[in-house]
**Student:** 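Right, I'll just put the structure down here and ask away after.
A, B, ... follow the sequence lines: proteins, then strands. Residue 1 opens every chain.
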Amino acid sequence: MNITNEQVKNMYQTMLKIRKFETRAKDLFAEGKIPGFVHLYIGEEATATGACANLRDEDYITSTHRGHGHIIAKGGDLKNMMAELFGKETGYCKGKGGSMHIADATKGILGANGIVGAGHNIAAGAGLAIQYKKTDQVCVCFFGDASTNQSTFHESMNLASVWKLPVIFVCENNGYGISVSQARHQAITDVSVRASAYNMPGVTIDGNDIFAVYEAVGEAVSRARKGQGPTLVECKTYRWRGHFEGDMTVYRPNGELDAWLKKDPIPRIEKYMLENNIMSEAEIANENAAVDNMIKDAEKFAEESNVASLESALVDIYSDMVEEGRVR
Amino acid sequence: MNITNEQVKNMYQTMLKIRKFETRAKDLFAEGKIPGFVHLYIGEEATATGACANLRDEDYITSTHRGHGHIIAKGGDLKNMMAELFGKETGYCKGKGGSMHIADATKGILGANGIVGAGHNIAAGAGLAIQYKKTDQVCVCFFGDASTNQSTFHESMNLASVWKLPVIFVCENNGYGISVSQARHQAITDVSVRASAYNMPGVTIDGNDIFAVYEAVGEAVSRARKGQGPTLVECKTYRWRGHFEGDMTVYRPNGELDAWLKKDPIPRIEKYMLENNIMSEAEIANENAAVDNMIKDAEKFAEESNVASLESALVDIYSDMVEEGRVR
Amino acid sequence: MRKMTYAEGIREGMSVKMRENPDVFLFGEDVGKFGGCFGVSAGMWDEFGEMRVRDTPISEGVIIGAAVGSAACGLKPIAELMFIDFLTVGMDQLVNQAAKMRYMFGGKINLPMVVRLPSGGGIGAAAQHSQSLEAWVTHIPGLKVVYPSNAQDAYGLMLTAIDDDNPVMFIENKVLYSVKSDVEDEVKPIPFGKASVLREGTDVTLISYGRQVFDCLKAAEKLAKDGINAEVIDLRSLFPLDKATIFKSLEKTHKVVIVSEEAKRGAFTGEIASIIAEESFFELDAPIKRVGALNTPVPFATNLENYVLPNEQDIVLAVKSQF
Amino acid sequence: MRKMTYAEGIREGMSVKMRENPDVFLFGEDVGKFGGCFGVSAGMWDEFGEMRVRDTPISEGVIIGAAVGSAACGLKPIAELMFIDFLTVGMDQLVNQAAKMRYMFGGKINLPMVVRLPSGGGIGAAAQHSQSLEAWVTHIPGLKVVYPSNAQDAYGLMLTAIDDDNPVMFIENKVLYSVKSDVEDEVKPIPFGKASVLREGTDVTLISYGRQVFDCLKAAEKLAKDGINAEVIDLRSLFPLDKATIFKSLEKTHKVVIVSEEAKRGAFTGEIASIIAEESFFELDAPIKRVGALNTPVPFATNLENYVLPNEQDIVLAVKSQF
Ligand SMILES: Cc1ncc(C[n+]2csc(CCOP(=O)(O)OP(=O)(O)O)c2C)c(N)n1
Ligand SMILES: Cc1ncc(C[n+]2csc(CCOP(=O)(O)OP(=O)(O)O)c2C)c(N)n1
Ligand SMILES: [Mg+2]
Ligand SMILES: [Mg+2]
């Protein structure tokens with residue numbers, strides 16, 4: 001595998017950032033510090049991390065309601081993210097978006113999205129822009145298994161394939177759309193079979209194996225950069241938490257979670273690094289402490305930031321017009 | 001092949017009805033007797049006819065903007081149809097629908113449809129109703145190649161397959177969506193490959209071979225009646241006329257139409273009948289004359305019928321409320 | 001008399017009809033064992049089984065479309081969309097199919113279907129999960145639209161909705177789901193097109209529906225302290241609309257404030273205002289005031305969301321501006 | 001000065017900008033060699049090539065969605081839907097994405113995109129191809145909406161629309177496509193939010209846009225014979241809305257009739273009426289009248305369609321009822 005030690009370390013750090021950011025977000029949600037809905041990515045870190053390790057800043061991604069992992073992996077700032085979860089003015093969206101709408105144009109992050117499947121079409125549009133401008137950028141479109149039944153999956157896969165757009169469709173198959181298991185939402189087990197409906201390459205891999213993800217997406221990225229069109233990469237994975245915080249997961253068979261806990265991608269990469277002398281136990285501990293500090297800083301930043309002014313609700317609707325406020 | 005002479009004769013008559021009805025409608029449109037849009041099915045008669053030959057009155061179909069053929073094949077009445085094209089009160093829809101909206105609940109015709117792809121979802125609903133009521137009815141969903149890029153194709157195929165609904169998806173692949181050839185609207189040549197995305201059987205056949213259509217759809221129908229779920233049947237065919245009357249078909253390569261004219265399904269079945277002593281030349285001539293008369297009767301009926309009263313515009317919006325009219 | 005939450009009112013309305021008529025069924029995303037995203041169908045899967053309380057894939061287009069198709073074939077579907085915001089995905093099946101089929105087909109088809117639409121803000125769900133879109137559906141001939149504000153109305157309107165032979169948009173308010181109120185022991189179907197006067201008054205008419213009915217009632221209490229006696233009308237049914245009750249009230253009060261949670265521009269409240277300005281103009285002796293949300297997407301942060309959505313104070317001020 | 005059809009005005013507006021800026025492109029169903037279902041883009045494929053005048057599959061969702069995505073990545077897409085009725089298929093991408101992204105993302109994204117929406121009845125195309133749906137889009141914060149009535153305005157508004165950094169709904173009237181009118185030799189961008197007064201008058205204000213502007217002008221001529229001098233306002237831009245021009249006119253006339261082709265219930269004309277009833281109430285000395293289509297789907301038969309759609313006679317009667 002064509003990967004440097006530096007890259008492996010970066011991937012490890014990214015996975016830790018995701019895991020620790022979300023673990024803290026979970027607690028903060030429970031404490032009532034984070035309003036609205038929070039959908040956690042814990043357990044699926046290898047997918048976003050492995051996929052984004054192939055990308056440059058100027059490449060694009062589209063994300064979902066379960067977006068923290070994608071955004072962190074694409075270089076999103078933890079402070080701005082946490083502040084957004086808190087609804088503060090220093091948040092990525094100035095408090096107007098929340099967990100489901102974080103975006104960062106400077107990093108090519110075209111936004112988390114509260115509408116299941118909406119990112120598919122936006123990704124096709126990003127691919128169109130790249131092709132039109134004749135650069136060698138790509139767009140990675142992240143989405144869940146259940147979103148592959150949404151209209152947008154089909155439209156965007158068709159458009160991307162017939163126009164040969166540089167889009168990599170990365171399906172995070174965690175086996176469920178909320179409470180509905182894959183067997184109950186589609187008559188297939190491998191989402192990647194859907195690629196053939198568009199004459200597009202499709203592969204299924206272990207989404208908890210970060211190197212497998214890195215390689216499969218890497219291959220797709222290099223095809224896309226060369227103008228050879230889109231690919232569908234299905235990553236089998238699992239979300240440890242409920243669909244959103246508060247979900248009691250009544251729909252899960254006994255033992256299912258336990259089996260997946262054993263496939264935790266983080267110890268897996270640690271083991272790999274130790275075996276290959278990429279990081280020592282001590283370095284790993286240091287890295288963990290460093291990331292813990294980042295999360296603490298992010299939380300502190302969020303806590304200490306101001307809530308947005310009420311007037312701020314009236315701007316950013318249009319580039320050039322401000323709405324009238326309340327006459328109270 | 002398991003088909004009686006009587007059935008063959010019926011099929012022949014049906015194809016003639018479609019061909020002659022539409023040929024006359026074309027002229028009437030040119031004469032300004034038919035307003036709005038008219039999309040003709042001429043050349044594709046074998047598909048609707050072969051498919052519907054497997055159906056009973058209580059089976060359902062959904063249709064498209066190019067619906068005359070489906071409706072005639074499912075037993076629609078020529079007089080009511082022609083009157084509807086004229087916009088008369090004796091029309092199927094009392095003049096409120098026109099060519100694109102003919103329906104006949106008594107024959108299971110759930111309507112032509114002006115929205116490309118809308119019938120897919122309605123067909124899934126019909127399948128759901130059949131399954132729910134545990135009858136052995138089926139629903140045949142007719143649609144064009146270009147409609148298979150519409151969101152509804154995907155959603156309905158997925159639902160039908162995961163719920164094993166008794167729906168037969170019959171794609172009439174005439175190679176174009178208006179001016180856009182198949183190669184420019186999707187990266188596949190056989191639409192039937194899309195079946196595998198839903199773990200559904202899919203076949204491609206010559207849509208101008210009425211017996212091939214009859215058999216393929218027949219097999220799908222019998223699977224559906226037994227509760228074995230949906231099938232995708234792709235029928236390759238061609239529309240002789242433009243997309244709608246008035247279309248100059250600038251997008252057609254030279255010679256394409258000519259090649260397809262040679263595959264006219266009507267002489268094909270005539271030849272078969274003659275060779276197999278099902279009908280003689282004289283009987284064929286008689287049948288043609290008989291159908292000519294039906295069309296004349298339909299036209300006369302339409303001509304002589306009254307236009308609908310203005311007040312009729314105010315009813316049928318709801319089952320139980322009438323709208324206010326103009327206060328002129 | 002008993003207490004029920006709004007969610008229970010909806011659930012009971014559905015369940016009564018499902019016990020009565022085997023052709024009635026509920027389907028949508030996670031409505032089954034999960035009980036629906038807001039718990040409205042909790043327990044129904046146990047009672048009615050998985051064919052009658054059926055989980056669908058995430059495909060709003062075919063949820064509404066299959067409601068249309070199955071209704072056309074003799075069933076009485078209740079389709080739940082998880083959020084009214086997802087109407088955007090299934091709009092064609094609703095607007096170009098459900099609403100128009102009877103008319104296009106010359107009256108020769110029945111579409112007895114109910115679409116349940118959890119609506120509104122107030123739960124920090126941000127711009128894509130907080131909209132109020134009743135203006136879209138009230139604009140479409142062929143649809144009926146109801147919007148209950150309490151358990152009894154939710155129950156009674158649901159009974160009527162399921163019996164109706166036309167597509168009924170049943171709009172539900174997410175914040176109200178957990179609100180308890182009195183429900184009669186035997187709930188009768190509530191006819192569409194009948195508003196209810198929740199508070200009689202002589203000085204100004206407050207017209208509203210859904211969650212804002214409570215803001216109106218609170219505003220009325222405040223106004224009473226200032227000697228302004230407000231009448232509060234809960235429309236319950238947006239189409240058909242009970243114009244008679246509105247006009248009757250205006251004959252008494254001659255002033256009106258219309259309140260909803262919609263973004264004010266293009267809101268359904270504008271339709272009500274313009275009906276009054278056209279048909280009851282000479283009763284008015286003050287401008288018709290409308291209170292709505294600000295013309296912004298619904299922001300996430302709690303303080304911003306509270307600012308954008310209307311509240312009783314906005315109503316009080318609107319009324320006072322008329323005196 | 002030259003004569004151009006409305007369709008040519010639109011085409012020229014697009015072409016001028018496409019010549020100027022390589023990031024501007026047009027895409028949609030059959031817009032290429034075919035020239036668009038109504039011929040609006042005829043010849044553009046020859047001039048600009050197939051990447052800049054690009055045929056799409058029949059997937060309205062991804063047409064609008066790809067406009068959003070490509071605009072977010074720096075292009076200036078013009079997306080054509082063949083009929084405004086097909087908005088129903090791509091509504092999510094418009095309403096939950098295009099309209100809200102800037103806001104949800106805290107202002108950190110630009111979406112310079114135009115969606116062209118052929119609208120209205122009058123061509124016997126029946127219920128699914130004849131709607132007027134401006135009320136849906138004017139209701140959504142984040143969208144701008146314009147609706148020209150003639151070639152010059154179509155041209156000038158298109159220039160502005162393409163330069164705008166926000167999603168602009170460019171509504172076109174199908175019946176007007178072939179109507180010729182004067183166009184200046186050098187067309188300047190027409191700022192959004194500026195109505196044009198097509199006829200000055202003192203007795204009643206007729207507010208309209210699109211095709212109904214011509215009905216208003218005809219009605220004004222008829223009324224003039226009866227000594228009623230009508231002012232006719234063509235809004236051109238529905239949002240932003242030129243309230244100042246409306247209010248100024250009302251200060252003169254004190255009577256208003258608002259006309260559009262929409263099904264009257266829930267129409268955008270209701271929004272205008274309610275703005276007047278709220279903000280300019282004391283200028284009024286007669287009920288605000290609205291003229292729209294009847295509240296039915298648009299029927300197919302020519303006589304029924306003519307009956308359902310509004311015409312100048314309806315406007316005349318509405319005005320007369322105010323005197
Ligand atoms: C159009 C739409 N329909 C429904 C929902 C509600 N919803 C949010 S997430 C979700 C499940 C998504 O499942 P999947 O795509 O597999 O992603 P996962 O949550 O498993 O990561 C649903 C139904 C939504 N947000 N948008
Ligand atoms: C949602 C929608 N988009 C676009 C159209 C315009 N339109 C009508 S028919 C058609 C082409 C359909 O092609 P296909 O499905 O292959 O059927 P065919 O006409 O070839 O029989 C198009 C684009 C429409 N009616 N509805
Ligand atoms: Mg999933
Ligand atoms: Mg075709």
**Student:** Under 4.5 Å from any heavy atom of chain D, what part of A/Ala313 do you find: side chain, backbone, both or neither?
**Tutor:**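 The answer is both parts of A/Ala313.
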**Student:** So D/Ser59 and A/Leu159, do their side chains get closer than 4.5 Å, heavy atoms only?
**Tutor:**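 With C-beta onward as the side chain, the pair stays apart.
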**Student:** Looking at A/Ser156 and D/Val62, what are the two nearest heavy atoms and their distance?
**Tutor:**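 Scanning both residues, the minimum pair turns out to be CA-CG2, 4.1 Å.
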**Student:** Only pairs of heavy atoms separated by less than 4.5 Å count here; which of D/Leu111, D/Asp164, D/Asp92, D/Ile109 has the most with chain A?
**Tutor:**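 Of D/Leu111, D/Asp164, D/Asp92, D/Ile109, D/Asp92 has the most heavy-atom pairs under 4.5 Å with chain A.
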**Student:** Pick whichever of D/Pro141, D/Pro240, D/Gly61 has the most heavy-atom pairs under 4.5 Å with chain A.
**Tutor:**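 Winner by heavy-atom pair count: D/Gly61.
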**Student:** State the NZ-CD1 distance between D/Lys100 and A/Ile115, to the nearest 0.5 angstrom.
**Tutor:**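 One finds 8.5 Å between NZ of D/Lys100 and CD1 of A/Ile115.
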**Student:** What part of A/Met100 is in contact with chain D, defined as an atom under 4.5 angstrom from a non-hydrogen atom: side chain, backbone, both or neither?
**Tutor:**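 Interface part for A/Met100: neither.
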**Student:** Examine whether an atom of A/Asn113 lies under 4.5 Å from a heavy atom of chain D, and if so say whether it belongs to the side chain, the backbone or both; otherwise answer neither.
**Tutor:**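 Contact with chain D: side chain only.
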**Student:** Could you tell me which non-hydrogen atom of A/Ala118 sits nearest to which non-hydrogen atom of D/Gln97, and how far apart they are?
**Tutor:**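 Where A/Ala118 meets D/Gln97 most closely, the heavy atoms are CB-NE2, 3.0 Å.
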**Student:** Quick one: salt bridge (charged side-chain N to carboxylate O under 4.0 Å, His left out) pairs with a partner in residues 69-97 of chain A, sequence neighbours left out?
**Tutor:**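 Residue pairs with at least one partner in residues 69-97 of chain A: A/Lys94-A/Asp316, A/Lys96-A/Asp316.
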**Student:** Go through D/Pro167, D/Pro22, D/Ala99 and name the one with the most non-hydrogen pairs under 4.5 angstrom from chain A.
**Tutor:**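 Counting heavy-atom pairs under 4.5 Å, the top option is D/Pro22.
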**Student:** Check whether any side-chain N or O of A/Tyr318 sits under 3.5 Å from a backbone N or O of D/Leu143 as a donor-acceptor pair, and report yes or no.
**Tutor:**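 Side chain of A/Tyr318 to backbone of D/Leu143, a donor-acceptor pair under 3.5 Å: yes, one is there.
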**Student:** Is it true that a side-chain atom of D/Lys108 and a backbone atom of A/Tyr92 form a donor plus acceptor pair closer than 3.5 Å?
**Tutor:**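 Side chain of D/Lys108 to backbone of A/Tyr92, a donor-acceptor pair under 3.5 Å: yes, one is there.
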**Student:** Are there residues of residues 129-155 of chain A that reach to under 4.5 Å of chain D by heavy atoms, and which ones?
**Tutor:**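 Listed by number, the contacting residues are A/Ala129, A/Gln131, A/Tyr132, A/Lys133, A/Thr152, A/Glu155.
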**Student:** Return yes when atom CD of D/Glu47 has more than 12 non-hydrogen atoms of other residues, nucleotides or ligands closer than 6.0 Å, and no otherwise.
**Tutor:**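 Atom CD in D/Glu47 is crowded, with more than 12 foreign heavy atoms closer than 6.0 Å.
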**Student:** Determine whether D/Asn166 and A/Met321 make a side-chain contact, defined as any pair of heavy atoms from C-beta on separated by less than 4.5 Å.
**Tutor:**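 Not touching, per the 4.5 Å side-chain cut-off.
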**Student:** Only pairs at least two apart or in different chains count here, so list each side-chain hydrogen bond (donor to acceptor under 3.5 Å, both in side chains) that has a residue in residues 23-37 of chain D.
**Tutor:**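 Every pair satisfying side-chain hydrogen bond (donor to acceptor under 3.5 Å, both in side chains) with a residue in residues 23-37 of chain D: B/Ser179-D/Asp30.
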**Student:** Verify side chain to side chain contact (heavy atoms under 4.5 Å, CB included) between A/Leu128 and D/Phe25, making sure each step is shown before the conclusion.
**Tutor:** CA-CA 11 Å; A/Leu128 163 57; D/Phe25 70 107; 4.0 Å; yes
**Student:** For A/Leu110 and D/Met101, which heavy atoms make the closest approach, and how far apart are they?
**Tutor:**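 Closest approach of A/Leu110 to D/Met101: O-CE, 4.0 Å.
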**Student:** At their closest point, which heavy atom of A/Gly111 faces which heavy atom of D/Phe105, and how far apart are they?
**Tutor:**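 In terms of heavy atoms, the two residues are closest at CA-CZ, 3.6 Å.
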**Student:** If you tally heavy-atom pairs under 4.5 Å against chain D, which of A/Ser312, A/Gly127, A/Cys93 wins?
**Tutor:**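 Most heavy-atom pairs within the cutoff with chain D belong to A/Cys93.
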**Student:** With chain A as the partner chain, list the residues of residues 66-77 of chain D whose heavy atoms fall under 4.5 Å from it, by residue number, and write 'none' if nothing qualifies.
**Tutor:**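 Near chain A, by residue number: D/Ala66, D/Val68, D/Gly69, D/Ser70, D/Ala72, D/Cys73, D/Gly74, D/Leu75.
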